Amino acid sequence: MRFLMVDKICEINPGKSVKGIKNISWDDYFLEEIFPNIPVYSPVIIAEAAAQLVSWAIIKERDYTVKPVITIVDTYTCGKHIMPGDQLQLEGEIESFSEESALCNGRVLINGKIALELNHAVCYLYPLNELDPPERIKTQFKNLYSEGYPLPKKELNRNITFREEIKIRKRKAIDRFITDEDPEKITGIKNITSTEDYFNDHFSLRPILPGVLTIEAMVETAKKLAEKKLIEQGLTDLKPVLKNCSKIKMRRFIEPGDQLITEAKNTEFSDEKSLFKTLGTVNSKRAATITIEFEHLTVENYKKAYLS
Amino acid sequence: MRFYLFDRVIDFIPGESSIGIKNISSEEDFLIEHYDRLPVMPSPLIVEALAQLGGWTITTSNDYKYLAVMVMIKDIEITGNAVPGDQLTLNIKIENINEYGATISAEAVINDSSILKIGNLTYVLYELPAKDREEVKVKYTKLNKMVSA
């Protein structure tokens, strides 16, 4: 597996904006099932596609001397969910630049509708030669960029029925859950290890856990508690579906050998939605904080809202 | 999957011993088939993790002049399992070292209880060409994080 989420760059104005394509196949590593037998691409991980696309506009502007690493995201909103076979249109804009950081926005579109929106993401500009050999990144860009390549058409039939025998590999973002005495709290453990394939590309000279995987771990912890509470209240046909993440703050790099401890605290819960505050720590030091909102949906409502 | 079976070195005394860490995560490729319903890290891979750290310890101790290649293992005792969420502590002790070879003893520990012990691991040392030494040094130094255990 490679951790390269942009398949093609179609238009690029260095330092300003960029457009590209990402195709989703059955071989993708980050497929998951929110409802049984409906495989979708992880709504958290797809943000990486938008982030990687924007990073090209920054890398080109700074002539392969820096690599952006996302540290703060204001809001991160999910619209449509993505299925294997979909072709996504990626868009990114840079609002402002400074010597050490950049402020940008990113979007993922499916059939002209927004699948995911990243608003006001602050990237720290890290020296490229400490993360990846610049030559390797230059070659990657050469392979990705085709000027004037047509962006995905808007009318793509998404009315798909899945064959039952298709099985996807179930990933686990959290290795172990620890239930708290307080029923509104839950703790999870995620072990970070060098064998993971995404460390080949993130980054080749220095392995760092991709930010989206930190967010995924926090979302998964909160989701576990939301599912538990729904079952306790007898609402077994409802499932928590990620609606948005806000106030995302990444405070340090997480590396192989680290143990990420995630804590989720429920602050609001109703039949329709739930709200969580999460905190991730490494060696008792703050690594990330996120506020997460889920909406609770039945399978029919989920199909109408996210898969139409 | 990348074949790096230890994640960092937390203690190292050149020519004597080292302590390393291997984190076990649910996403490891070897857990897909081993086993579907009961994920357990295969014991031969724990042996490999100890052997990799043993090689690191020997090569780093002799200042990257020689690369250590494992040739013989004796006395393996398996007393426990490692499952996702566990953090394996890998203890390496160099028993004997000269310019031709080295022997070590090793132990894998979870939460202070030993799960796998190796009485004797023998390595042969190959001289590294001078031009490759710097590359190996850079790669090996990165694994040495020396954070407090």
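We name chains A, B, ... by the order of the sequence lines, and we start the count at 1 in each one. Note: hydrogens, waters and symmetry copies are ignored here, and every other heavy atom, side chains too, is used. All of these numbers come straight from a predicted model, not from anything done at the bench.
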At a heavy-atom separation under 4.5 Å, does F177(A) approach chain B through its side chain, its backbone, both, or neither? neither
Can you say whether I174(A) sits under 4.5 Å from chain B via the side chain, the backbone, both, or neither, judging by heavy atoms? backbone
Closer than 3.5 angstrom, by distance alone: can the side chain of N23(B) be matched with the main-chain N or O of P256(A) as a donor-acceptor pair? no
A side-chain contact here means heavy atoms from C-beta on lying under 4.5 Å apart; do Q87(B) and Q259(A) qualify? yes
Hey, are T193(A) and K22(B) close enough side-chain-wise for a donor-acceptor pair under 3.5 Å? yes
Counting heavy-atom pairs under 4.5 angstrom with chain B, the leader among I189(A), L205(A), D258(A) is D258(A)
Taking atom NZ as the centre, does K224(A) end up with more than 12 heavy-atom neighbours from other residues, nucleotides or ligands that are less than 6.0 angstrom away? no
Distance, nearest 0.5 Å, that separates CZ of R171(A) from OG of S25(B): 9.0 Å
Donor-acceptor pair, side chain of R2(B) and main chain of D197(A), under 3.5 angstrom: no
Chain A contact via V138(B) - which portion, at a heavy-atom distance below 4.5 Å: neither
Can you tell which part of I32(B) gets under 4.5 Å to a heavy atom of chain A, answering side chain, backbone, both or neither? side chain
Any side-chain heavy atom of E255(A) within less than 4.5 Å of one from D7(B)? no
Step-by-step side chain to side chain contact (heavy atoms under 4.5 Å, CB included) determination, L5(B) to T195(A): CA-CA 7 Å; L5(B) 286 169; T195(A) 57; 3.7 Å; yes
With a 4.5 Å cut-off on side-chain heavy atoms, are P84(B) and K172(A) touching? no
Kindly indicate whether the side chain of D175(A), heavy atoms from C-beta on, has any atom under 4.5 Å from the side chain of E27(B). no
